Structure formats: structure tokens, C-alpha cells
2 protein chains.
Amino acid sequence: MGSRPDFSYVAKLMADSSRAAMLEALLDLDGLPASELAKRANISLQTASGHLTKLVEGNLLNVEKHGRHRYYRIAHVDVAQAIEMLTVIAPPPKINSLKDSSRAKNIQIARTCYDHLAGKLGVLLTKALIEKGYLYEDENNFLVTAEGEQFFYDFNIDLDALRQKRRHLTRKCLDWSERHYHLAGALGNGILIRLFDLGWIERLPGRAVKVTDTGEKGLYETLGITTKELI
Amino acid sequence: MGSRPDFSYVAKLMADSSRAAMLEALLDLDGLPASELAKRANISLQTASGHLTKLVEGNLLNVEKHGRHRYYRIAHVDVAQAIEMLTVIAPPPKINSLKDSSRAKNIQIARTCYDHLAGKLGVLLTKALIEKGYLYEDENNFLVTAEGEQFFYDFNIDLDALRQKRRHLTRKCLDWSERHYHLAGALGNGILIRLFDLGWIERLPGRAVKVTDTGEKGLYETLGITTKELI
DNA sequence: TTCATAGTTCGATTATAACCGAAGTTTCTA
DNA sequence: TAGAAACTTCGGTTATAATCGAACTATGAA
């Protein structure tokens, strides 16, 4: 009879909102300890411990013991992919007021996704980097080319420093609003920080972000991105 | 805060075993009425009704009213994709005895997936049809080419009759054992039936299937498939 | 050795939702 | 117009699991 894997078992692991919060945190920041995950999910350490055990048993997470700490990470790219697929079909958050609706628009144009750029701008930027030959798109990841090494050096992003960090240099992140991949990982974070430093982008209320006048000029000159494409 | 869609909401809808059984049934057979789905999930009609309402509200399913019947179908390819991704990361069904283990092997080589061919043989067959130019692989589906029309006619599969059926002619089905797509839908079913009729394959206990001696010869001559590839 | 920090295990409480019987609505058939 | 079939709604029961307090283990620091 049941000779197929039971997908509802995995769905059940993802269905609890506390576990979902922890998974979401781990999607971008690999290797968080239980206490940190408990905080992010707004639950006690005991409860978190129980949830994490279940997630490890279900092969959604891996643990690494380092002294008295336990660092959790997503067990496999497939897990991240599955979560992203679920996000794509999940209903968009409710819009109650007029303020909410303009916020919703802004957030689709450009926003931060944890610590990197997402939305139309995030996808456009990633595409531009690929077209210019600075990034190469793999099935599961983005890779920095030799030209890319030079470009990021010129752009004042220190790849070697980023590689030291305890996380992936690059990572594919499925954009739920654009249904395309954008760049995440340490490099995605590095680019975001650099764009803020340059004053090319500014924070709007919430997670939304707007391109400044300098940014408009800069993005066009370095990567050929026009803000018209953002609409 | 919550400006991202909540994937745990979708996961919750898929997490219940009764709902999962109904979704699984609908993955291959589009357009089943509530009563049929209740039977397949082994629950009462009342319970099924409640579940189906939730699945429609969550945009996982669509309903079409035809008189006093209500035909349910998967709302979007993305939903099927998401379920298949979950199946890929779900733990394989437990193997208890020696019998189970040889059965598990057989089932990975060739099996029926509802009403079409899956496993190594299913994937190989699909690949062969593509290589010969009979099938064209789209992002979301397989399409029959002009050469394909001729081939299936010669192979005694009536495409026009299959097109009359109330289901997709072709459909991509992600193979959880092979991690590749194989052909499903009315054509996938038509091929399975034809292969049984020709005596090229035979049922083993369970869902497993074996290639006969005639089948070995036939598959090689028509599509260049050797059983060595099946191992 | 002592204390603190990180995490686990146990037990009791509580909230959620799956389930079905019974009664209702809608549509088809005769 | 009556009756049956397909499905929904309501109400009460029950099972599951998320939650945290309290007590435990293990590692590190003083």
C-alpha cells in the first residue's frame, strides 16, 4: 500500500507556526543555536528544544555540537526549495488599510529579505550580475566568475572577508513576489550593506527600500539597471 | 512584520493525513467529486466536505459545480510541484522484512504511479520519447510533437480518444525515487495499458512491475531502451 | 570545586481541530 | 410534486500536541 513517501509527515513538521519561524530564520542564517531560535519564535527554550528534536528527526535540520552550544542548519537545499515552493502558493498577507496597500506595492518593488535585497530590484540586480558575466547561475546556486571577482573588488566588496564568515558566500533565494531567484548568502548581504553605504538605497517603513537619485545614476552606470524597469 | 506569505498556513493544509490522501488522489486524477474523495481518504462525507472547503479556501483546490456534483481539482501546477518537493524530502516508507527490501528494490526499478508508469523505467521511457523527438519538454508539461502523433498512431495509441477524456493529455509527475520527471496524464495511462496489452510488462505483488522477455526486445526495438539501464 | 550557561526531559494544562451523527439545502429524476 | 442523491452545516466528543514550570545533564569559566 503505502509504498510512497508520506509528504504529510513533512508538511506537519512545517505546519506549526513556531517551527515555521525557526525554519524561516535558518533559511537565511545558517547555524543558529537553540536559544537564538527560541527567541525568534517567541517560545521558551524547553518548547524550542522539543521542536528542534522533531525537525532533526524529520531530516529537515542538522545539528552540530560545539561545546555546550548546538548549531542548527537546514539539512539540504531541497528543504529550502520545498519551503520556498510553499511560500509561492501561500496567500499574501492581508491588506487592511490604504497605507497597507501602498506599503504592499513598495515591498514588491524593493525590500530586504532578512539581510539581502529582494523584490523586483533584488531579482533585477541578480539578473544584471549574470548578464554582465559576474555571476554564473548553477542549478542550485550562484557562482562568482573571474570577472566577478574583479568587479566586486572594484565595487569595494571584499569577497575574501565574506568567505571567512560562517555561512554560504552565495545562495539562491526564491522570490515569492517575482517568482524568480535572487542572490542571498554572505555576498547578497555584502551588496546590500554596500548599497546602503553608498546611499544608493534608503529604508522605508517596514522592510521596504527605495532607490535614491544617486542610486538611480549609480545602478545605471555600473549595471545598466534603469528604475523604469521597477515601475 | 509579517510582510511575507505564511508558508505554515499551506503546510497545515497539507499536514492532515485525510487531506493529504485527497490531494494525492487529485494529483493524478483531475476532477473527482467529494464522495469519491471521501472514499479514498477513508472518511465520512461530512468530514471530507469540511476538509475540501478548507483546501478551496486555501487556494490549493478549485471546484466546478456540475449539477449536484462538485468536481475538485488541483488549483495550480505550483501546488502539485510543492507537494512533489515535499515527497522528495519525506522519509521513505519503513522496510521491516527481507521481503520488504526486495520489494523496495523492485518498486524503484519499475512501478505504477496510480495509472501510469514510474520509477527508473518510467523516467527512462519518458527520456527516450523526448530523445526520439516524439515528446517535447516544456517548463510545466510535456507536449506531443508531429512525429509523436505519428509514433503513437503506429504504436496503436489513439491520441484523439485520449483527448476526449476529462483530464490532461500529458502531465509532469516528479519521480520521488529518481528525482526526475516522468510522463503522467491520459497519455501516460494510455502507454501503461498498451504495454500491458502487448505483454511487455507484468504486475509483481504491490505496485511493482517487471519487464518481460518480449518487452525487453520490444522496448529496445521501438525506443532503444535496454533493461541493463534498469539494473 | 563552585557557579553559570546551554540545553534536555518530565508532567500537567490547555487549545485546536478531526471526526461523525443528525438535520438541513440544493438539484436531479420520475 | 415526491423522493433520492450529493453535499453542507451544526453540535458534541475525543485525540493530539503545543506550551511552560520544574528538575535534570553537560560543558565552560573562575
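Because the structure is predicted, anything quoted here is derived from the model rather than measured.
Counting to the nearest Å, the P atom of dA18(C) and the CG atom of Leu52(B) are 12 Å from each other. One atom, NZ of Lys12(B), and another, C1' of dA15(C), lie 12 Å apart when rounded to the nearest Å. Arg68(A) places its CZ atom 6 Å from the P atom of dA6(C), with the value rounded to the nearest Å. When the P atom of dA17(D) is taken as reference, atom OH of Tyr9(A) falls 11 Å away, rounded to whole Å. Rounded to an integer number of Å, the gap from CZ of Arg70(A) to P of dT27(D) is 8 Å. The NE2 atom of His69(A) sits 12 Å away from the C1' atom of dA4(C) (whole-angstrom rounding). Rounding to whole angstrom units, NE2 of residue His51(A) and P of dT16(D) are separated by 18 Å. Distance, Lys39(B) NZ to dC20(C) C1': 18 Å, rounded to whole Å.
Contact annotation for Thr53(A): no contact, since no heavy-atom pair falls under 4.0 Å across all strands. Residue Ser35(A) is classed as a sugar-phosphate contact, given heavy-atom separations below 4.0 Å to backbone atoms only.
Arg73(B) and Glu64(B) are joined by a salt bridge, as a carboxylate oxygen and a charged side-chain nitrogen come within less than 4.0 angstrom of each other. Glu57(A) and Lys12(A) are not joined by a salt bridge, as no carboxylate oxygen comes within less than 4.0 angstrom of a charged side-chain nitrogen. Ion pairing between a basic and an acidic side chain is recognised when a charged N comes within 4.0 Å of a carboxylate O; Arg171(A) and Glu84(A) show no such pairing. Taking the charged nitrogens against the carboxylate oxygens, Arg40(B) and Glu24(B) have no contact shorter than 4.0 Å, which rules out a salt bridge.
Note on Lys54(A): a side-chain N or O is less than 4.0 Å away from OP1 or OP2 of dA18(D). For the pair Ser44(B) and dC20(C), the criterion of a side-chain N or O lying under 4.0 Å from OP1 or OP2 is met.
Considering only side-chain atoms of Tyr72(B), the nucleotide from dT8(D), dT5(C), dC20(D) that sits closest is dT8(D). Here dC20(D) is the nucleotide among dC19(C), dC20(D), dT19(D) with the atom lying nearest to any side-chain atom of Gln46(A). In this structure, of dC19(C), dT8(C), dC20(D), it is dT8(C) that holds the atom nearest to the side chain of Ser49(A). Side chain of Leu45(B), nearest nucleotide from dT5(C), dG7(C), dC7(D): dC7(D).
Between Met14(A) and Ile89(B), the shortest heavy-atom contact is CE-CD1, 4.1 Å.
Nucleotides of DNA chain D nearest to Ala48(B) and Gly67(A) differ in position, and the one nearer the 5' end is that of Ala48(B). If you find the closest nucleotide of DNA chain D to Glu36(B) and to Arg19(A), the one lying nearer the 5' end belongs to Glu36(B).
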